[in-house]
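Below is one structure, written out as C-alpha cells; the observations come after it.
All figures in this text were calculated on a predicted structure; none of them were measured in a lab.
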Amino acid sequence: MDEQALLGLNPNADSDFRQRALAYFEQLKISPDAWQVCAEALAQKTHSDDHIKFFCFQVLEHQVKYKYSELSTAQQQLIRETLLSWLQAQMLNPQPEKTFIRNKAAQVFALLFVTEYLTKWPKFFFDILSVVDLNPRGVDLYLRILMAIDSELVDRDVVHTSEEARRNTLIKDTMREQCIPNLVESWYQILHNYQYTNSEVLCQCLEVVGAYVSWIDLSLIANDRFINMLLSHMSVEVLREEACDCLFEIVNKGMDPVEKMKLVESLCQVLQTAGFFSIDQEEDLDFVARFSKLVNGMGQSLIVSWTKLIKNGAAKNAQEALEAIETKVPLMLQLLVHEDDDISSNIIGFCYDYLHILKQLSVLSDQQKANIEAIMLAVMKKLTYDEEYNFENEGEDEAMFVEYRKQLKLLLDRLAQVSPELVLASVRRVLSATLQNWQTTRFMEVEVAVRLLYMLAEALPVSHGAHFSGDVSKASALQDMMRTLVTSGVSSYQHTSVTLEFFETVVRYEKFFTVEPQHIPCVLMAFLDHRGLWHSSAKVRSRTAYLFSRFVKSLNKQMNPFIEDILNRIQDLLTLSPPENGYQSLLSSDDQLFIYEAAGALIVSSDYPAENKRALMKDLLTPLMERFKVLLEKLMMAQDEERQASLADSLSHAVGFASRTSKAFSNKQTVKQCGCSEVYLDCLQTFLPALSCPLQKDTLRSGVRTFLHRMIICLEEEVLPFIPSASEHMLKDCEAKDLQEFIPLINQITAKFKIQVSPFLQQMFMPLLHAIFEVLLRPAEDNDQSAALEKQMLRRSYFAFLQTVTGSGMSEVIANQGAENVERVLVTVIQGAVEYPDPIAQKTCFIILSKLVELWGGKDGPVGFADFVYKHIVPACFLAPLKQTFDLADAQTVLALSECAVTLKTIHLKRGPECVQYLQQEYLPSLQVAPEIIQEFCQALQQPDAKVFKNYLKVFFQRAKP
C-alpha cells in the first residue's frame, strides 16, 4: 500500500495529503485486486492506525457492494474467511477496536450477508455465533452485525430497487424458517448472562430485540420468560430506557385484537404493581419520556383493538377494551399535564384517539365527561409559555415549543368536536377571569387567555368567518368575549406576545366590528400608536403592518368616518426610506407595501365623490413621484456600485408602492370612476424615464414592468400611448431573462386590446423577434446548464407570444411582415415542434400550427401556404413523435401529442380528400408504412370524433417506435 497516501487519512493531515488519500481511495476502488491487499492487512493486523483499518473496510465494502459478482468463487471465499478471521482476532485483542471501526465492520458483514445468505452462506449466523460464543467483545460485534442487517432489510429510510425489495422479503422469509428461533434464543442467553455484568451489551441486545420484533413471530418474544426478563430490566436504572423502548415495539406489533388486549393488560398490571404508574415520584425525566411513549403505545393499541372489535360486531370484547382504555386515562392525564413538554408530547396521540372514541359514543358517563374537562384544563395549562422562552432570539427550544403548541391545537380542535359547549365555556371563564386583572397577571397567562379565544375560531369553524350569526348562544358568547377583549385595555400590556395576540385576534374576528362598530375607534388607535405601528419592537411593527392592512380592507364599509384621520396618522410611515447608511426606518419596505395597500383601499372604498378621491390619491402618490425624480438623478451621477444598487432598490420600492395602491380598484370601482386616471398617468410619466437609465437595469426594468402590468389592468386603453416607447427601451441591450420577462407584458397587451394594438404589434413584431433570435443564436459553452435553461425558457416565451398573437385573431400581424419574414417565423415554429426535446414548447408549437391552418389553410389562404402545409406541417406531425426524445410515458409529452392530433385533424378539415390522398399515396409510403396501417390511419383521421383519432395516434406511434 502507498504509505505516503495513507498519511492523508489522519484527520489532522494537511489538504494536499488528504487529496492524495482520496485519489488513492478512488484508485483502489477501480483496481481489480486492491481489495486483496486490504483484506490481507485486516486479517494479519498489518496496521495499527485506526484510520487505515477503517480505510481497508471501506475498500472491502465497495468491493462487496458493487463488484462482488465479478469475483471468482475462491476470491469470494477469501472475503468470507478474512472477515471471520478478523472477528476471531477481536476475541484476543487486549483492547476493543474503536466504535467507528466496529460499526463499519458490521456494515460489511451485513452487505455480505444480504449478498450470500440465500445462496452460498446459509450458515452465516451459525458461523458467527460459533466464533463469538459468549465473549463480550464478540457479542458486541454480533449485535452490531444484527442491527446492520436489520437496517439493510427493513430500514424505511434506505431506498431499495424493486429487485432488492424482493430479495429482502425472501431473506426475511428464509430467516423466519431457518434461524430466527435460534437468534431469539441467543438474545435470551445474552440478556440472562450479562444482566449483572455488562449493561452496555444488554442495552444493545434490547435494541436488537426491539428492531426485530416488527418482522418476526411475536410469540417468540411475547411470552412469560422474555416479558418477565424485560420487566425486571425496567427496574434497573441503566437498562430501563432500552427496556421501555423494547416493550413499546412489542406492544406496537400488529396482532389479534383480543390477544393484544390481554398482552397490554398483563403488562400494565405488572408495571402498576411495580410502582411505575406513580410518575410524580420519578426524577429521571428521560426515562419518564420513554415511559410516556410506552403508555401512548399501549393506549393506542387498545384503541385499535376496540375499533376492530366494534367493526367485527364483538360487543362484549369491545366493552372490555373500552374499560381497559378508561383505566389508563388517569395515567394519560398525569403524563399530559407533566411540566416536561417532551413527556406531555409523547402521550398526545393516545389522548387524541381517546377523544375520537368519545365522539363516537352516543351517551357519555359522568367519568368520561370529567375526563374531557380534565383534558381541556391540561391543554389550557400546557399552551402557556414558560419564563425561559426567548421572544427576541428564538432558537431550537422555542421552535420545539411552537411545534408542541400545534399538537395541542389539534387536541383543542378534537375537544371542540366532542364537547363544543365545554370548550366555549372554559375559554370564556379563563378569558374573563384573566382580563379582569390583566395589569397584575403574568404575561404568559394573559397571552394564553387571548390565544385560546383566537384558537376558538378554528376549533368551532363557520363559513366565511360568520361567528356572530347563526347559533345564538355561541354567537353571544363570542361577542361577549370580543367585547371584553377590546374594552379591557389589554392592548396596552407591556409584552410583545400579548400585543401580537391581541391584534391577531381582532383581525381574525373582524366580523365582530360589523355587529358592534362602536369599538372600531379604540382598536384603530391601538393599531396607530405605540401599541401597534409605532411599537418599540420591529417584529410587532412588521406583523401589525400586515394585520392593519387586513383590518382596514375587511371593514372598508365601516372606515368612512376615520379615513382622513388615518391617512394623516400614517403619513410618516409612507416616507420612502432614503438609501443612506445608518438610517433606521420604522418599517421595512415590505411592511410599507401593506401600509400603501391599506391607504389605497381606504381612498377607493370611501363614500367620497371622485374629485375628493383624486385629491387624496394625489396627496398619497405625489411625494413618491417627487422623491423618485430626485433619486433617479442621483443614480445617474452615482459612481460607487453599492450606492447605485441601494438607489436602484429605493426607486424600485417607490414603483412597487404606487403599484400596490392600485390593488384596491375593481370592476365596481375602476380607476376612471374614482377619477384617479390622471394620478396614475402622472406616475407612468415619472417612472418610465428609469427605463433609459444605463445603470442597474435589472432592478429598474423589473419594477417598471410590474407597474405596467398593473396599469394595463387599471388604466385600460389610456395606457396604450406609453407602450411603444417603453417597449423600445426594454428591447435595448437585452439578455435572455429580460426578454423572457418582457414577453408576458406584450402577451397581456395583445390578449386585452387585440385589434386596437395591431399597428403597434406590426411595428415591433420583427424588432422583438430579432432581439429573441440574437440571444438564442449566441454561442454558449456545451456544459453551461444555466445558459441552456435560459434559452429553453426564452424559446417557450417566444412560442407563447406567437400563440397569443394567433389566438387573439391577430394573424395579420404575422402575415404583414413580408413573405421572407413570414417564412422565417413559420420555420422556427416547425423547428420548435420537431427539433427541441421540450414537450411544453412542442405543445405550444402545434397549437400555433393548427391555428394557422385553421386561418390560412383554406382555398383562399395566402399564396404558397398550402404547399407549406404539405412540405413542413404534415411531416412535423410525424417527425416529432418519432424522435427518441419524445417520451410517450411522460404526461407533458402526451399533451403535446394531443395537440399534434388536433393539427392533423385541422389540416384534414381544411383540405379534405386532398389531404387523405397525400397521406395515402405520397407521405406515409415514403416512411415505409405498411399499406394496411396507412388505410387504418386514414380511416381514424376521417372519424368525426377527434378523441378517437387522438387515442389512435398514441397507439400508432407506440407501435412505430422500436
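- With sequence neighbours excluded, no residue forms a side chain to side chain contact (heavy atoms under 4.5 Å, CB included) with S463.
- Listed by chain and number, the residues in a salt bridge (charged side-chain N to carboxylate O under 4.0 Å, His left out) with R710 amount to none (sequence neighbours excluded).
- Two residues are said to be in side-chain contact when any heavy atoms from C-beta on lie closer than 4.5 Å; I848 and V805 fail this criterion.
- The shortest distance between side-chain heavy atoms of F665 and I713 does not fall below 4.5 Å.
- The minimum heavy-atom distance linking F760 with S727 is given by the pair CZ-OG, 3.5 Å.
- Inter-residue side-chain proximity for R796 and I840 is flagged as met; some heavy-atom pair is nearer than 4.5 Å.
- Taking the side chain as every heavy atom from C-beta outward, E633 and V630 never approach each other to under 4.5 Å.
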For residues 822-834, dump all side-chain donor-acceptor pairs below 3.5 Å to protein atoms at least two apart in sequence or in another chain.
residue : atom : partner : partner atom : Å
T828    : OG1  : Y798    : OH           : 2.7
T828    : OG1  : V825    : O            : 2.5

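- Sorted by first and then second residue, the pairs that involve residues 677-688 and meet side chain to side chain donor-acceptor pair (under 3.5 Å), not counting sequence neighbours, are T661-Y680, S677-E718.
- Tested against S605, the residues L555, I563, N556 include a single side chain to side chain contact (heavy atoms under 4.5 Å, CB included) partner, N556.
- Applying the side-chain hydrogen bond (donor to acceptor under 3.5 Å, both in side chains) test to S898 and every residue at least two apart in sequence or in another chain returns K950.
- The shortest distance between side-chain heavy atoms of Q762 and Q817 falls below 4.5 Å.
- Between I712 and F753 the shortest side-chain heavy-atom distance falls below 4.5 Å.
- Closest heavy-atom contact between V775 and K791: O-CE, 3.6 Å.
- The aromatic rings of F868 and F865 lie parallel to each other, their planes meeting at an angle below 30°, with 60° marking the opposite boundary.
- Residues meeting the salt bridge (charged side-chain N to carboxylate O under 4.0 Å, His left out) test with K752, sequence neighbours left out: E716.
- The pair E504-R543 meets the salt-bridge criterion, with a side-chain N (NZ, NE, NH1 or NH2) lying under 4.0 Å from an Asp/Glu carboxylate O.
- F801 and F765 have their aromatic ring centers within a separation under 6.0 angstrom.
- Sequence neighbours left out, the pairs with a member in residues 550-575 that pass ring-ring contact (aromatic ring centres under 6.0 Å, His included) are F513-F551, F527-F551.
- Minimum interatomic distance between M636 and C693 (heavy atoms only, all atoms of both residues): SD-SG, 3.7 Å.
- In this view, Q756 satisfies the side-chain hydrogen bond (donor to acceptor under 3.5 Å, both in side chains) rule with no residue, not counting sequence neighbours.
- The neighbour count for K668 NZ, taken as heavy atoms of other residues, nucleotides or ligands under 6.0 Å away, does not exceed 12.
- Every residue meeting the side chain to side chain contact (heavy atoms under 4.5 Å, CB included) condition with Q673, not counting sequence neighbours, appears here in chain and number order: T670.
- The residues E774 and R778 are annotated as salt-bridged, a charged nitrogen and a carboxylate oxygen being separated by less than 4.0 angstrom.
- When side chains are defined from C-beta on, F886 counts as touching Q842, because their heavy atoms get closer than 4.5 Å.
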Show your reasoning for whether side chain to side chain donor-acceptor pair (under 3.5 Å) applies to T885 and D887. CA-CA 6 Å; T885 50; D887 176 11; over 6 Å; no

Worked verdict on V704 versus L688 for side-chain contact (heavy atoms from CB on, under 4.5 Å): CA-CA 7 Å; V704 175; L688 287 179; 3.8 Å; yes

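- Annotation: side chain to side chain donor-acceptor pair (under 3.5 Å) contacts involving residues 689-709, sequence neighbours excluded, comprise R705-E741, H709-Q748.
- The residue from L635, V655, L695 that alone fulfils the side chain to side chain contact (heavy atoms under 4.5 Å, CB included) condition with L700 is L635.
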Donor-acceptor pairs are to be reported for all side-chain atoms of residues 903-911 against protein atoms at under 3.5 Å, with residues two or more places apart or in another chain.
residue : atom : partner : partner atom : Å
T903    : OG1  : F846    : O            : 3.1
T903    : OG1  : E899    : O            : 2.9
K905    : NZ   : L941    : O            : 2.9
K905    : NZ   : Q943    : O            : 2.5
T906    : OG1  : V902    : O            : 2.6
K910    : NZ   : E854    : O            : 3.2
R911    : NE   : E914    : OE2          : 3.0
R911    : NH1  : G857    : O            : 2.8
R911    : NH1  : G858    : O            : 3.4
R911    : NH2  : E914    : OE1          : 3.4
R911    : NH2  : E914    : OE2          : 3.2

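- For the pair E458 and R508, the salt-bridge criterion is met [side-chain N within less than 4.0 Å of a carboxylate O].
- A heavy-atom distance below 4.5 Å is not found between the side chains of P724 and M764.
- The stretch residues 586-596 participates, sequence neighbours left out, in these side chain to side chain donor-acceptor pair (under 3.5 Å) pairs: S542-D591, S588-D591, S589-H653.
- A salt bridge is defined here as a Lys NZ or Arg NE, NH1 or NH2 lying under 4.0 Å from an Asp or Glu carboxylate O, and D838 with R795 fails to meet this definition.
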